[in-house]
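Okay, so here's the structure we're looking at.
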Protein chains: 2
Amino acid sequence: MAEKTVQGAQVVGRVAQLLRIVGRSPEGGAALPAIVEASGLTRPTVYRLLNSLAAEGLLDHHAETGTWHLGPEIYVLGAVAANRYAIEDLARPSLQRLADETGESAFLSIRRGDETVCLLRVEGSFPVRSFVLHEGVRFPLGVASAGLAIMAFLPEAEVDRLLDDGGTRGERFGPAHTAERIRANLEVTRRNGYTVNPGLILEGSWGMGAAVFDRQGNPAWALSLTGIEQRFRPERQEFLGKLLLEEAHKITQQLGEHASAR
Amino acid sequence: MAEKTVQGAQVVGRVAQLLRIVGRSPEGGAALPAIVEASGLTRPTVYRLLNSLAAEGLLDHHAETGTWHLGPEIYVLGAVAANRYAIEDLARPSLQRLADETGESAFLSIRRGDETVCLLRVEGSFPVRSFVLHEGVRFPLGVASAGLAIMAFLPEAEVDRLLDDGGTRGERFGPAHTAERIRANLEVTRRNGYTVNPGLILEGSWGMGAAVFDRQGNPAWALSLTGIEQRFRPERQEFLGKLLLEEAHKITQQLGEHASAR
DNA sequence: TCCACTTGTCCATAAGATGGACAGCACGGC
DNA sequence: GCCGTGCTGTCCATCTTATGGACAAGTGGA
């Protein structure tokens with residue numbers, strides 16, 4: 001909503017949209033009908049664009065399954081871009097430690113506009129795991145623990161703008177996501193430093209998160225843990241929260257020290 | 001050359017081209033006139049496309065310098081794609097070791113079509129360094145040590161096709177890049193396992209490389225070292241070559257063990 | 001002051017993306 | 001065996017939309 005910046009080459013928008021859709025899909029694979037559905041474009045158009053993107057190496061077309069994946073060019077470009085945006089390397093050890101010490105799965109998410117995108121997932125050892133979150137998955141800020149953790153440290157005006165979405169958030173993610181309940185959660189998050197998502201998206205699938213701050217002090221990333229309700233009882237939350245905050249602080253500090261490109 | 005696979009959405013080609021141009025630029029930054037020049041498109045078109053790409057987050061426009069960079073969306077997508085194409089993590093320790101033990105700068109390059117793309121660079125300690133190669137830089141196979149190392153282990157027919165380019169290689173990279181001289185180099189490379197580039201691209205700027213093989217046994221990546229001529233004397237080449245082969249083998253083996261997605 | 005070289009913008013034109021429609025194939029039910 | 005359903009791949013007339021020549025305006029150097 002609210003586009004038209006310059007004059008606009010809207011094919012670019014469609015291309016970006018398709019890349020995002022493919023990137024968001026579960027194990028990196030999406031079939032044509034699903035992409036058509038998700039994009040709202042017509043099938044021939046999607047078909048043509050996907051094929052063109054694959055011809056450029058930006059996508060891959062797995063011949064047997066007919067699924068589309070992010071291609072080697074994206075990987076190559078991403079590797080170059082990573083020189084400018086490199087928390088990943090800093091975060092991986094922290095995720096590993098979180099997963100090792102808690103047994104839950106640990107995640108790094110990044111803020112991207114009004115959404116969070118999951119960048120890294122490290123599996124925990126506990127045999128019951130939630131797959132609501134995985135690499136490429138996006139949620140609006142305010143939904144899921146990563147987005148809540150980030151939102152809690154945004155300026156009030158920003159929060160107001162984000163919460164005022166006309167109710168689509170509730171429709172997509174369930175009635176628990178009202179502006180009031182989110183505000184209440186943010187309040188608690190600010191007090192504790194970490195946030196708790198008590199199965200708001202999927203019943204029984206809990207999560208906790210803590211924000212990581214960039215050099216300007218903005219909450220740009222978040223660490224989070226997910227698992228089943230039984231593993232997030234109040235008495236354990238303190239332990240998990242402390243761990244999350246420790247690792248989040250560690251990364252924030254490393255980012256501060258780290259010399260950045262340009 | 002030789003396009004037109006399906007029906008083609010050629011904007012996609014232009015978009016991909018621009019992304020590549022920006023990705024290839026020295027410290028990730030390219031100015032508009034340079035991009036216009038490199039792309040062969042007209043200025044308004046490039047301008048419009050770049051702005052649209054930036055609006056989608058695929059590029060970044062640095063306001064002060066007016067330079068264009070790969071954007072956060074590319075980073076995000078690349079991070080997701082990296083799950084499918086992850087030698088990077090395996091290679092980094094090897095590059096570090098190469099750089100530490102030799103003092104030269106060490107590189108990981110990937111084969112992408114008929115080119116190699118540099119993915120990672122680890123600086124060596126030796127105070128005179130070559131900057132011919134850095135992240136995002138592409139060379140045709142057969143030019144630069146990484147591309148030679150890969151080419152040496154391609155099927156003969158493939159080599160023939162690659163060498164038969166009508167002389168543009170020589171024009172772009174200097175007269176040392178004739179088919180005959182490359183063939184001779186490949187011959188030596190096959191015998192030694194590693195390749196030596198004796199300043200073919202830039203006089204005095206030498207390099208050595210060794211191929212890394214994927215699970216199917218294809219040479220898909222290469223490790224390489226670069227530095228000044230004086231550091232690549234014949235008596236030292238054996239030492240450097242041995243190191244390169246060791247690390248290349250190590251990565252090849254790890255890739256074989258590693259369970260891959262899909 | 002003038003020149004060279006930028007960035008940003010407009011708009012008539014024509015290139016080319018679009019999408020309805022159809023062919024062909026694979027699967028499953030009856 | 002036959003029909004229905006859902007898929008991929010392709011065509012092409014239509015009209016959306018990308019294109020690029022041209023111009024305004026700003027900057028810096030000589």
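All figures in this text were calculated on a predicted structure; none of them were measured in a lab. Convention: sequence-line order gives letters A, B, ...; per-chain numbering from 1.
- Within the structure, every side-chain polar atom (N or O) of A:T45 is placed at least 4.0 Å from both OP1 and OP2 of C:dA17.
- Counting heavy atoms from C-beta on, the side chains of B:W68 and B:D60 never come closer than 4.5 Å.
- Per the geometry, CG belonging to A:L18 stands 14 Å off C1' belonging to C:dA17, to the nearest Å.
- Regarding A:Q10, its CD atom lies at a distance of 12 Å from the P atom of D:dT16, rounded to whole Å.
- When each of C:dG20, C:dG8, C:dT6 is scored by its nearest atom to the side-chain atoms of B:H61, the top-ranked nucleotide is C:dG8.
- Regarding A:L32, its CG atom lies at a distance of 8 Å from the C1' atom of D:dT8, rounded to whole Å.
- Among the nucleotides D:dA18, D:dC11, D:dT8, the one closest to any side-chain atom of B:R14 is D:dA18.
- Under 3.5 Å, the side chain of B:R43 and the base of C:dG8 form at least one donor-acceptor pair of N or O atoms.
- Distance CD1 (B:I35) to P (C:dT7): 10 Å, rounded to an integer number of Å.
- Between the CG atom of B:N51 and the P atom of C:dT9 there is a distance of 8 Å, given to the nearest Å.
- Salt bridge B:R112/B:E115: absent, no basic N to carboxylate O contact under 4.0 Å.
- Each of A:V12 and A:P33 lies near DNA chain D, and the nucleotide nearest A:P33 is the one positioned closer to the 5' end.
- Atom CD of A:E37 is separated from atom P of D:dT8 by 14 Å (rounded to the nearest Å).
- Under the 4.0 Å criterion applied to side-chain N and carboxylate O atoms, A:E73 and B:R24 are not assigned as salt-bridge partners.
- Contact annotation: B:Y47 reaches the phosphate of C:dT9 (side-chain N/O to OP1 or OP2, under 4.0 Å).
- A salt bridge is defined here as a Lys NZ or Arg NE, NH1 or NH2 lying under 4.0 Å from an Asp or Glu carboxylate O, and B:R121 with B:E135 fails to meet this definition.
- Regarding A:L49, its CG atom lies at a distance of 10 Å from the P atom of C:dG19, rounded to whole Å.
- B:E158 CD: more than 12 foreign heavy atoms inside a 6.0 Å radius.
- For the pair B:L41 CG and D:dT19 P, the interatomic distance rounds to 8 Å; values are reported in whole Å.
- Taking side-chain N and O atoms only, B:R48 has no distance below 4.0 Å to OP1 or OP2 of D:dT17.
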